[in-house]
Amino acid sequence: MTGKISLPIMEDKRPMRNRARRRHRPLLLVTLIAITLYGLYSLSDVSAYSVLFVPESFQSKLPSTTDKPILAAGELVPLEAHIMSKCPDARDCLKDLVLPVMMRVYDKVNFTLSYIGTPTENDGVDCKHGPGECMGNIIELCAHHLYPDPKIYLGFTMCLTRDYKTIPQRELVEDCALEHAIDFEELNKCATKDNGAFGLNMLRESVQRSADAGVTKSCTVRLNEEVYCIRDSGGWTDCPSGPGVNDLVIAVEKLYRSS
């Protein structure tokens, strides 16, 4: 409405236009107030979330946290996925279970992504699918190190895992870093820091964590420190509550309410 207001361009019509403006001034004032109030209401209703690995069609469905209390870390439900970066079961597990569940309950869980391998006596790590997998694991751990928010590093990991056969080729890593707003140069510095010792130490700690939990299969999903479901050899096993997304969401919410 205000975009149509203009200065008078004919002197002999000025008194009439002034009378018209005075007549419509109350209506203009009411309209401006209404627009201002609507703008303030709209700003207060904008969601605080911007989820990189969630398609835009899903982002509008994410709940706002403006009416929720901030949770302490101890109140979140432990949810963990143990994977190998060049494993097709890891790809299916992340795509079909972990990511859809995280889209719905990421504000209720303390999520950890751990890796499976074999610690060696010389402080190294053996990876089932070879040195390329160890490097892929390190790159994904570096993304976690640099961007601890699972909405970022988990999306980046899923991007790599979609093309797991080409991990750790530079072009793939660069493309996924760009897609998820990750600084590729910083990622590379992390992976090569201290001649690779920094990344290798992160991998060794992650692999040891999986070993301490008794996990040997990729992908193993654990909920509240217990095995919830395993994706192995193209199928789901050891899933007493079911491998469905809704099954895991219900289990998480039940634990969250009881905490």
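Bear in mind the structure is a predicted one, so any value in this text is a computation, not a measurement. Both backbone and side-chain heavy atoms feed into the values below; hydrogens, waters and symmetry mates do not.
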Participant: Sort and list the pairs that fulfil ring-ring contact (aromatic ring centres under 6.0 Å, His included) and have at least one residue in residues 194-253, not counting sequence neighbours.
Facilitator: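 Passing the test, one end in residues 194-253: H145-F198.
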Participant: Applying the 4.5 Å side-chain criterion to the ILVMFWY set and letting contacts propagate, would L94 and L141 be lumped into a single cluster?
Facilitator: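 As far as the 4.5 Å side-chain criterion goes, L141 and L94 are connected within one cluster.
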Participant: With sequence neighbours excluded, tell me which residues meet side chain to side chain donor-acceptor pair (under 3.5 Å) with D149.
Facilitator: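 Only K151 meet the side chain to side chain donor-acceptor pair (under 3.5 Å) criterion with D149.
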Participant: Using a strict threshold of under 4.0 Å (side-chain N to carboxylate O), is an ion pair present between R209 and E80?
Facilitator: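 Salt bridge between E80 and R209, a charged N being under 4.0 Å from a carboxylate O: yes.
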Participant: A cation-pi test, strictly: NZ or CZ of K86 under 6.0 Å from the centre of the six-membered ring of Y164 and no more than 45 degrees from its axis. Yes or no?
Facilitator: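 Pair K86/Y164 does not count as cation-pi.
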Participant: Are more than 12 heavy atoms from other residues, nucleotides or ligands located less than 6.0 Å from atom CG of N195?
Facilitator: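 No, not enclosed.
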Participant: Residues in disulfide bond (SG atoms under 2.5 Å apart) with C87, at least two apart?
Facilitator: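 Not a single residue meets the disulfide bond (SG atoms under 2.5 Å apart) criterion with C87.
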Participant: Do you know the tightest heavy-atom contact between G124 and R204?
Facilitator: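 Heavy atoms only, the tightest pair is O-NH1, 2.7 Å.
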Participant: Is there side-chain contact between S85 and T161, with at least one heavy-atom pair below 4.5 Å?
Facilitator: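 Not touching, per the 4.5 Å side-chain cut-off.
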Participant: Using the rule given for salt bridge (charged side-chain N to carboxylate O under 4.0 Å, His left out), can you reason through R162 versus E179, listing the C-alpha separation, both sets of side-chain angles and the distance that settles it, and then say yes or no?
Facilitator: CA-CA 13 Å; R162 282 198 297 265; E179 181 177 336; 3.7 Å; yes
Participant: State, yes or no, whether a side-chain contact exists between R104 and N246 at a heavy-atom distance under 4.5 Å.
Facilitator: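 Heavy-atom side-chain distance check passes, below 4.5 Å.
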Participant: Looking only at the side chains, is there a donor atom on one of Y256 and E75 sitting less than 3.5 Å from an acceptor on the other?
Facilitator: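 Short answer, no.
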